[in-house]
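Sequence lines set the chain letters: A, B, ... in the order given, protein chains first and strands last, and positions in each chain run from 1.
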Protein chains: 2
Amino acid sequence: MKLDELDKKILGYLQQDAKITNKELSAKLNLSVTAIYERVKKMERSGVIAQYITLLNKDIVGLGFQVFCHVKLEKHAQNAIDSFEKEVTALDEVLECFHVSGDYDYLLKVLVRDMEHFRNFMVSKLTTLKYIGSTQSSFTISEVKNTTTITV
Amino acid sequence: MKLDELDKKILGYLQQDAKITNKELSAKLNLSVTAIYERVKKMERSGVIAQYITLLNKDIVGLGFQVFCHVKLEKHAQNAIDSFEKEVTALDEVLECFHVSGDYDYLLKVLVRDMEHFRNFMVSKLTTLKYIGSTQSSFTISEVKNTTTITV
DNA sequence: TTTGAAAAGGTCCGGAA
DNA sequence: TTCCGGACCTTTTCAAA
């Protein structure tokens with residue numbers, strides 16, 4: 001789908017605030033409410049707009065301990081990959097899992113309450129998965145930048 | 001803030017869909033629209049609910065090439081850290097940057113169009129930052145799991 | 001694709017339990 | 001905290017350009 005400058009501006013605002021009204025957008029962009037409405041609907045239909053979601057505050061919710069786990073598998077046969085990917089996806093603590101190139105196979109973003117909970121996650125969840133080879137963990141000292149906003 | 005089971009269910013639905021109406025929630029949870037409304041407002045005020053945002057489809061938007069960059073700084077003096085963090089935050093291609101423990105100092109999530117664009121990002125942006133020591137990149141082969149939904 | 005106007009539906013109060 | 005009812009605002013549809 002081709003996006004013109006107006007579409008890109010709409011996406012800019014929507015990425016920051018899913019609840020901005022068409023009326024507010026129409027005022028910012030000097031278009032009628034209906035014109036905004038049609039453009040947004042078109043971007044929803046084409047899939048450019050994937051989802052409207054709510055972000056929670058990790059710290060307030062008590063999950064401020066963020067860890068990146070580098071995982072190597074023992075075997076790289078298809079069944080090992082399928083098994084690991086299925087099992088790791090089922091873990092609530094794992095928000096992200098990417099199959100990556102390089103020294104290890106997977107990079108995981110893990111969210112837990114504290115070191116105590118992380119230890120428990122490692123011992124009784126992650127390292128019990130089938131075909132797990134080695135893991136290496138990096139603890140987050142500080143979040144320098146963390147956005148979902150794409151510059152289109 | 002203390003969250004009861006009802007609050008947690010509301011958060012579960014809101015995290016998946018920021019546009020779910022209070023009416024829909026009230027039907028799912030057998031509460032009045034006003035009761036839902038009050039609970040949501042309270043969670044907004046307390047900061048549990050941080051933001052309502054829109055997610056775009058990276059692939060459709062033409063930014064489907066995802067790379068994790070491990071960065072080591074040359075110096076670890078405060079001014080070097082401040083300088084690097086400020087500069088890296090300004091880069092649109094860098095969606096996430098975490099100061100982490102381990103063999104390297106920072107872990108970056110970088111989003112670009114393709115390898116060509118990544119090469120350009122490395123050569124003319126990332127490696128030109130002050131105090132950059134070494135970098136190591138991992139390319140994403142596949143996205144196994146990628147959610148923002150926290151289990152509360 | 002755009003517009004204004006009107007119907008349909010949701011948000012957000014006040015007052016009461 | 002909960003509920004109901006109503007005022008207000010937003011979304012959605014429509015005919016027209």
Subject >> Atom pair OG (B:S138) and CG (A:D103), whose distance is rounded to the nearest 0.5 Å >> reply: 7.5 Å
Original post:
Is it true that atom NZ of A:K86 has more than 12 heavy atoms of other residues, nucleotides or ligands lying nearer than 6.0 Å?
Top reply: no
Subject >> Side-chain ion pair, B:R39 and B:D4, N-O less than 4.0 Å >> reply: yes
Subject >> Pair A:Y106 and A:F98, ring centroids less than 6.0 Å apart >> reply: no
Subject >> Nucleotide C:dT1, atom P - distance to CZ of A:R39 in whole Å >> reply: 7 Å
Subject >> Rounded interatomic separation in angstrom, taking CG from A:N30 and C1' from C:dT1 >> reply: 16 Å
**OP:** Using a strict 4.0 Å threshold on nitrogen-to-oxygen distance, state whether B:D105 and B:K72 make a salt bridge.
**Re:** no
Original post:
Quick one: which of D:dC3, C:dT3, D:dT1 gets closest to the side chain of B:K42?
Top reply: D:dT1
Original post:
Could you state the CD1-C1' distance from B:I36 to D:dT1, rounded to the nearest angstrom?
Top reply: 12 Å
Subject >> Protein-to-nucleotide contact annotation, 5' to 3' order, nucleotides 10-17 of chain D [B base; S sugar-phosphate only; - none; under 4.0 Å, heavy atom] >> reply: SSSBB---
Original post:
Taking only residues at least two apart or on different chains, which pairs with a member in residues 108-124 of chain B satisfy side chain to side chain donor-acceptor pair (under 3.5 Å)?
Top reply: A:E96-B:K109, B:E96-B:K109
Subject >> Value in whole Å for how far the P atom of C:dG10 lies from OH of B:Y52 >> reply: 16 Å
Subject >> Rounded to 10 degrees, the angle between the two terminal axes of the helix from C:dT1-D:dA17 to C:dA17-D:dT1, each from five pairs >> reply: 30°
Original post:
Starting at CG of A:L25 and ending at P of C:dT3, how long is that distance when rounded to a whole Å?
Top reply: 13 Å
Subject >> Short side-chain to backbone donor-acceptor contact, B:H70 and B:Q136, under 3.5 Å >> reply: yes
**OP:** Could you verify whether a donor N or O on one side chain and an acceptor N or O on the other, from B:Y52 and B:E44, lie under 3.5 Å apart?
**Re:** yes
**OP:** Could you tell me whether A:A35 contacts a base, only the sugar-phosphate backbone, or nothing, with contacts defined as non-hydrogen atoms closer than 4.0 Å?
**Re:** base
